[in-house]
Participant: 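First the structure, then my questions, so here it is.
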Number of protein chains: 2
Amino acid sequence: MALNQTFKAIADPVRRQILEGLRTQRQSAGEIAAEFQLSQATVSYHLKLLKQAGLVSVTKEKNFVYYELNASVFEEMLAWLYSMRQDERGNQREK
Amino acid sequence: MALNQTFKAIADPVRRQILEGLRTQRQSAGEIAAEFQLSQATVSYHLKLLKQAGLVSVTKEKNFVYYELNASVFEEMLAWLYSMRQDERGNQREK
DNA sequence: GAACTATTTAGAAAGCTATCTAAATAGTTC
DNA sequence: GAACTATTTAGATAGCTTTCTAAATAGTTC
């Protein structure tokens, strides 16, 4: 059950912002790091967590490492949130 | 921007399980705590975080405190996840 | 109002997370 | 192969989270 890792991964604002940056195109580790006022090492740490959670995938090219969104993993989380929303109909409170 | 608090709240497995238990009916703090092998104080702490994140709402009755799902707050998270999924079409990798 | 029941708050400890700097790795180019 | 560029790993640290036990609060019942 990797759902927990996935939810933890998106619980951090830096990591969500990285994901947002990857919505439209892939980016190298350096390009991603440039968007933050954090050391490259710190951003690399966040990228590692996103990769472990399956939210991004990685391709090496020259001496760049490109990250791209792996949207299928979002489905699991969507499914969980959906299931929560569904049942909020008659919520029987026996006054 | 309370989205961060909301994502953090669901990042913990105990809290997700609490929410799952509330899908079909409200429960008192004691009923919720009985489902876990954790002290009542610990469960109370998790309930506080869920309440602060707006994911549950609270009614007092006799000397019981009832918790129920507040599904509207899930919408925000759903919207974020959706926006992530949308853009994963042509992801232009110029090979 | 005394005893009881349900829940929360306080304080402390263990473990986890995010961050940094410095060093290591790995691949490129001349 | 030496120098350069991009990225990751290692080790350290501060701060946050989860958990506990004990005590406090608050409401109920007789």
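So you know, we letter chains A, B, ... as the sequences are listed, proteins then strands, and number each from 1.
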Participant: I need a per-nucleotide contact map over nucleotides 24-30 of chain C, read 5' to 3'. Cutoff is protein heavy atoms under 4.0 Å; write B for the base, S for backbone only, - otherwise.
Facilitator: ---BSS-
Participant: Is the shortest heavy-atom distance from the side chain of L3(A) to the side chain of M77(A) under 4.5 Å?
Facilitator: yes
Participant: If you assign Y67(A) and R15(B) each to the DNA chain D nucleotide with the nearest heavy atom, which residue ends up on the more 5' nucleotide?
Facilitator: Y67(A)
Participant: Any idea which heavy atoms bring L49(B) and A9(B) closest together, and the distance?
Facilitator: O-CB, 4.5 Å
Participant: From L22(A) CG over to Y67(A) OH, what is the distance, rounded to the nearest 0.5 angstrom?
Facilitator: 10.0 Å
Participant: Heavy atoms, side chains only, cut-off 4.5 Å: are R15(A) and I10(A) in contact?
Facilitator: no
Participant: Which pairs of donor and acceptor atoms, one on a side chain in residues 50-57 of chain A, lie under 3.5 Å apart (sequence neighbours left out)?
Facilitator:
none

Participant: Identify each atom pair where a protein N or O and an N or O of nucleotides 12-14 of chain D are less than 3.5 Å apart, giving names and distance.
Facilitator:
none

Participant: Looking at residues at least two apart in the chain, or sitting in another chain, which of them share a side chain to side chain contact (heavy atoms under 4.5 Å, CB included) with S44(B)?
Facilitator: none
Participant: Does any non-hydrogen side-chain atom of F74(A) lie less than 4.5 Å from one of L19(A)?
Facilitator: yes
Participant: Going by heavy atoms closer than 4.0 Å, what residues in residues 28-47 of chain B are next to DNA chain C?
Facilitator: S28(B), A29(B), G30(B), Q40(B), A41(B), S44(B)
Participant: Please give, in whole Å, the distance from dT8(C) C1' to L50(B) CG?
Facilitator: 15 Å
Participant: For DNA chain D, what residues of residues 7-14 of chain B have any heavy atom nearer than 4.0 Å?
Facilitator: K8(B), D12(B)
Participant: I need the full list of ring-ring contact (aromatic ring centres under 6.0 Å, His included) pairs touching residues 4-35 of chain A, with sequence neighbours left out, sorted by first then second residue.
Facilitator: F7(A)-W80(A)
Participant: Give the rounded distance in Å between these two atoms: CD of Q5(B) and P of dC16(D).
Facilitator: 14 Å
Participant: Is there side-chain contact between M84(A) and E20(B), with at least one heavy-atom pair below 4.5 Å?
Facilitator: yes
Participant: List the steps and the verdict of salt bridge (Lys or Arg N to Asp or Glu O under 4.0 Å) for R26(A) and E61(A).
Facilitator: CA-CA 12 Å; R26(A) 70 179 194 168; E61(A) 237 170 85; 3.2 Å; yes
Participant: Do N4(B) and R16(A) have side-chain heavy atoms sitting under 4.5 Å apart?
Facilitator: yes
Participant: Applying salt bridge (Lys or Arg N to Asp or Glu O under 4.0 Å), name anything that partners E75(B), two or more places apart in sequence or on another chain.
Facilitator: R85(A)
Participant: Determine the stems involving DNA chain D; a stem requires 3 or more consecutive pairs of the Watson-Crick or G-U wobble kind, each with both distances below 3.5 Å, and the answer is none if no such run exists.
Facilitator: C:1-30 with D:1-30
Participant: Using atom OH of Y66(B) as one end and atom P of dT5(C) as the other, report the distance to the nearest whole Å.
Facilitator: 16 Å
Participant: Going by the rule ring pair (Phe, Tyr, Trp, His ring centres under 6.0 Å), which residues pair with Y45(A) if we only count those two or more places apart in sequence or in a different chain?
Facilitator: none
Participant: Heavy atoms, side chains only, cut-off 4.5 Å: are I18(B) and F36(B) in contact?
Facilitator: yes
Participant: Using whole Å, report how far CG of L49(A) lies from P of dC16(C).
Facilitator: 14 Å
Participant: Working to the nearest 0.5 angstrom, can you tell me the gap between Q17(B) CD and H46(B) NE2?
Facilitator: 10.5 Å
Participant: Starting at CZ of R16(B) and ending at P of dT18(D), how long is that distance when rounded to a whole Å?
Facilitator: 11 Å
Participant: Per the side chain to side chain donor-acceptor pair (under 3.5 Å) rule, what does the pair list look like for residues 32-43 of chain A, sequence neighbours excluded?
Facilitator: Q27(A)-E35(A), S39(A)-T42(A)
